[in-house]
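Each ligand, and each atom within it, is numbered from 1 in the order the structure gives. Bear in mind the structure is a predicted one, so any value in this text is a computation, not a measurement.
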Amino acid sequence: MGDIIQLLPDHVANQIAAGEVVQRPASVVKELLENSIDAGANTIKLIVKEAGKTLIQVIDNGKGMSATDARLSFERHATSKIRSAEDLFSLSTKGFRGEALASIAAIAHVELKTKQDQDELGTLIVIEGSEIKNQEVTVTPTGTSLSIKHLFFNIPARRNFLKSNNVELRHIVDEFHRVALAHPDIEFLMYHNGSESFNLSKSNYRQRVVNIFGNKTNEKLVPVEEETEVLKISGFVGKPEFAKRTRTEQFFFVNNRYIKSPYLNHSINSAFEGLMKDGSHPSYFLNLTVDPKSIDINIHPTKTEIKFDDEHTLYAILRSAVKHSLGQFNIAPVLDFDRDRNLDTPYTFENKRASTPTVEVDRSFNPFQEEKKPIRFNSVSSSYRKEPAAQWESLYVGLESKGTKNDTDFSEVQFESQPESTSLFDDDKSIETKQTTYQLHNKYIISTIKSGMMILDQHRAHQRVLYEGLLKHLTVKESVSQQLLFPLLLEFSSSEMDILQNLKEDLEHTGFVFSSFKENTIEITGVPINVPESEVSIILEQLISDVEQEVPDSNFSATDLLAKSMSKSLAIKTGQSLSPLEQEHLVNSLFACKEPTVSPTDKVTFITMSVDDFDKKFI
Ligand code: ADP
Ligand code: MG
């Protein structure tokens, strides 16, 4: 048989790549606005017709492009913003992949007009489906104008996938808000079908928020300012009495980039605890500044996700800062910044008359189970008992499975035998064992193995453990749920409800019990065992944002996504300190997994270092 592999022609490759970058008109809007900001524009105009289905045009007064650059800008991986992979870690621009224009040009009719300040004349380029139709010299002001017409003209399936104009316009406006909020020092204008929708002149942050969300917003904003070594926070939260029933006024920006973070959102909610009516959501417009090296911006262009090195600390600082502001502005009692949280009286008690004391029932308590469960350890597989023999056996389960991603021969990971200890100083948690694991920086767990040592990433390892447990529940369709004492009511927007509706059945297989599921509210009466009630809303929000970001037709498997998403939400975080028992339990559970070497998102879960490796370092 002859050779059969062929390189895809560029326009085909571009069309495929475009599917990832451009999901809907709003994606184009985001890319173009960000390019204009990167080009240093201080006035940016967005013109949209029929919710972007027929026209999206962005005009800026930025630095423009030379004729050569104008042509190059449509090539894939053509970017002026990074030169090497190193630069990724000190990114100050929005774009960096050099993919947006190439992708957009592959699936639309594009007209570019651009001129640099020093040039007399500018460049006009017309491209349709990656094909250059025209390039000529033209008269145009300094800056760049890009018009995108007939989006998805050559991908009917995509075109049909678009929602109604109302929905698509909503997405465009959302993107416009996000970009405009992140850059109050830039003037933004937006027109839809010929009429002006927004006219935001250059201003300070407060004015920008008010210009976007209306004059009434002004009185409800409470400033939040905090600066610590790891994090600077500035912006506003809304006074609790103005809280909305939807989550449309919740914005986090990290280093000027809009992000979604159910985890940080939770920290704000917890700062408002006791101040909010049920089912309402605090507004916030918060800019976080962190060392770019301490975050990992997901390289996927459409994702608004970000990974922080130490989420736990950020959570605590954010919560304190917001509480502090609410206190200062007489919305809540003032609190000391670094006071022990456990000492705080919940605000609810402020305005409430004393109520009958209630007894808390630990529903997971099983009098027939000898062993005390590790505290706050949300393992899905609760079958583990702390018996030394069983522990060691469990290490070898799944050892046959091949496919280790790091070049460790997995079968050589052998644990040091654990001598019985009769220490005088045993605490009640680890009576019979000597500690063989150590936690480093509340992030890694170090364990001794026969050949040397093993270092586990606690978050990734736990994700793997939870993921496999959840997948099992989802496929076997047998799950255990715990009944809630009171039903939990959660509110969602209608698009979020659509997503949840699609996943309802799968969620039920993990152990969720829904007693009602209508309009914008769901009522939950049971949750999967080991899922704390307080985490339910985080889990669902994370799930929604994961589904929103998943490219619709890329091997979309609801079950797998659900398991991935939930394991991400539930896994112990970096920054969380673990008791020796919890550490050991994690190590054991990981090695009872089918694929212990990688996390559900294919990241290495542990590495090993042999005594030989150490010896080499000690010469
Ligand atoms: P990226 O933004 O990732 O670099 P894009 O495909 O969005 O990739 O853009 C490619 C290049 O085109 C940019 O690096 C930039 O040099 C140039 N460019 C795009 N839009 C503009 C603009 N509005 N003004 C000036 N240059 C632009
Ligand atoms: Mg770009």
Side-chain angles (χ1 to χ4, degrees), residues 10-11 13-23 25-47 56-85 87-108 110-119 122-127 130 132 135 138 140-148 151 175-176 178-180 182-183 186-189 256-258 297-304:
D10 266 0
H11 73 275
N14 282 341
Q15 250 191 46
I16 295 169
E20 281 196 35
V21 183
V22 184
Q23 297 174 9
S27 335
V28 175
V29 168
K30 171 173 185 269
E31 294 295 337
L32 297 188
L33 292 178
E34 291 189 345
N35 278 348
S36 296
I37 289 166
D38 286 345
N42 55 28
T43 297
I44 300 174
K45 199 190 275 187
L46 168 67
I47 300 166
I56 298 164
Q57 183 176 17
V58 170
I59 306 169
D60 70 49
N61 64 350
K63 62 178 186 233
M65 286 178 261
S66 68
T68 325
D69 281 355
R71 178 68 185 263
L72 258 180
S73 68
F74 292 104
E75 295 292 325
R76 211 137 53 100
H77 307 304
T79 179
S80 54
K81 298 169 194 173
I82 59 168
R83 303 252 173 250
S84 72
D87 296 349
L88 276 176
F89 295 97
S90 49
L91 270 181
S92 57
T93 53
K94 309 267 172 190
F96 52 85
R97 296 170 32 123
E99 256 181 359
L101 289 189
S103 300
I104 293 167
I107 49 167
V110 178
E111 186 192 281
L112 164 71
K113 280 185 182 172
T114 187
K115 182 179 94 65
Q116 294 183 302
D117 202 26
Q118 69 271 22
D119 296 339
T123 308
L124 165 79
I125 293 180
V126 179
I127 297 195
S130 298
I132 307 249
Q135 169 158 8
T138 190
T140 182
T142 296
T144 302
S145 156
L146 266 157
S147 328
I148 316 300
L151 188 63
E175 291 296 351
F176 180 80
R178 290 167 189 172
V179 175
H183 299 276
I186 297 175
E187 179 184 44
F188 285 93
L189 297 133
N256 285 334
R257 202 183 272 271
Y258 170 82
I297 299 160
N298 200 313
I299 313 278
H300 195 284
T302 59
K303 290 207 175 172
T304 41

Proximity of Asp60 to ligand 1 by residue part, where a heavy atom lies under 4.0 Å: side chain
Asn61 side chain to Gly143 backbone, donor-acceptor under 3.5 Å: no
Sub-4.0 Å atoms of ligand 1 with respect to non-hydrogen atoms of Ser73: 10 (C), 12 (O)
Passing option when Ile104 is tested against Ile56, Ile127, Leu146, Val110 for side-chain contact (heavy atoms from CB on, under 4.5 Å): Val110
Any residue meeting side chain to side chain contact (heavy atoms under 4.5 Å, CB included) with Lys45, in chain and number order, not counting sequence neighbours: Ile47, Ile59, Leu189, Tyr191
From Glu99, Arg76, Met65 - option closest to atom 17 (C) of ligand 1 by heavy atom: Met65
Audit row: Glu175, Leu33, side chain to side chain contact (heavy atoms under 4.5 Å, CB included) steps and yes/no: CA-CA 9 Å; Glu175 291 296 351; Leu33 292 178; 5.6 Å; no
For Asp119, all residues meeting side chain to side chain contact (heavy atoms under 4.5 Å, CB included), sequence neighbours excluded: Lys115, Gln116
Contact (N/O only, under 3.5 Å) between Thr144 and ligand 1: yes
Nitrogen or oxygen of Asn35 less than 3.5 angstrom from that of ligand 1: yes
Subset of ligand 1 atoms that lie under 4.0 Å from at least one heavy atom of Ala100: 6 (O), 7 (O)
Under 3.5 Å donor-acceptor, Ser36 side chain and Ala41 backbone: no
Region of Leu101 that comes within reach of ligand 1 [heavy atoms, distance under 4.0 Å]: both
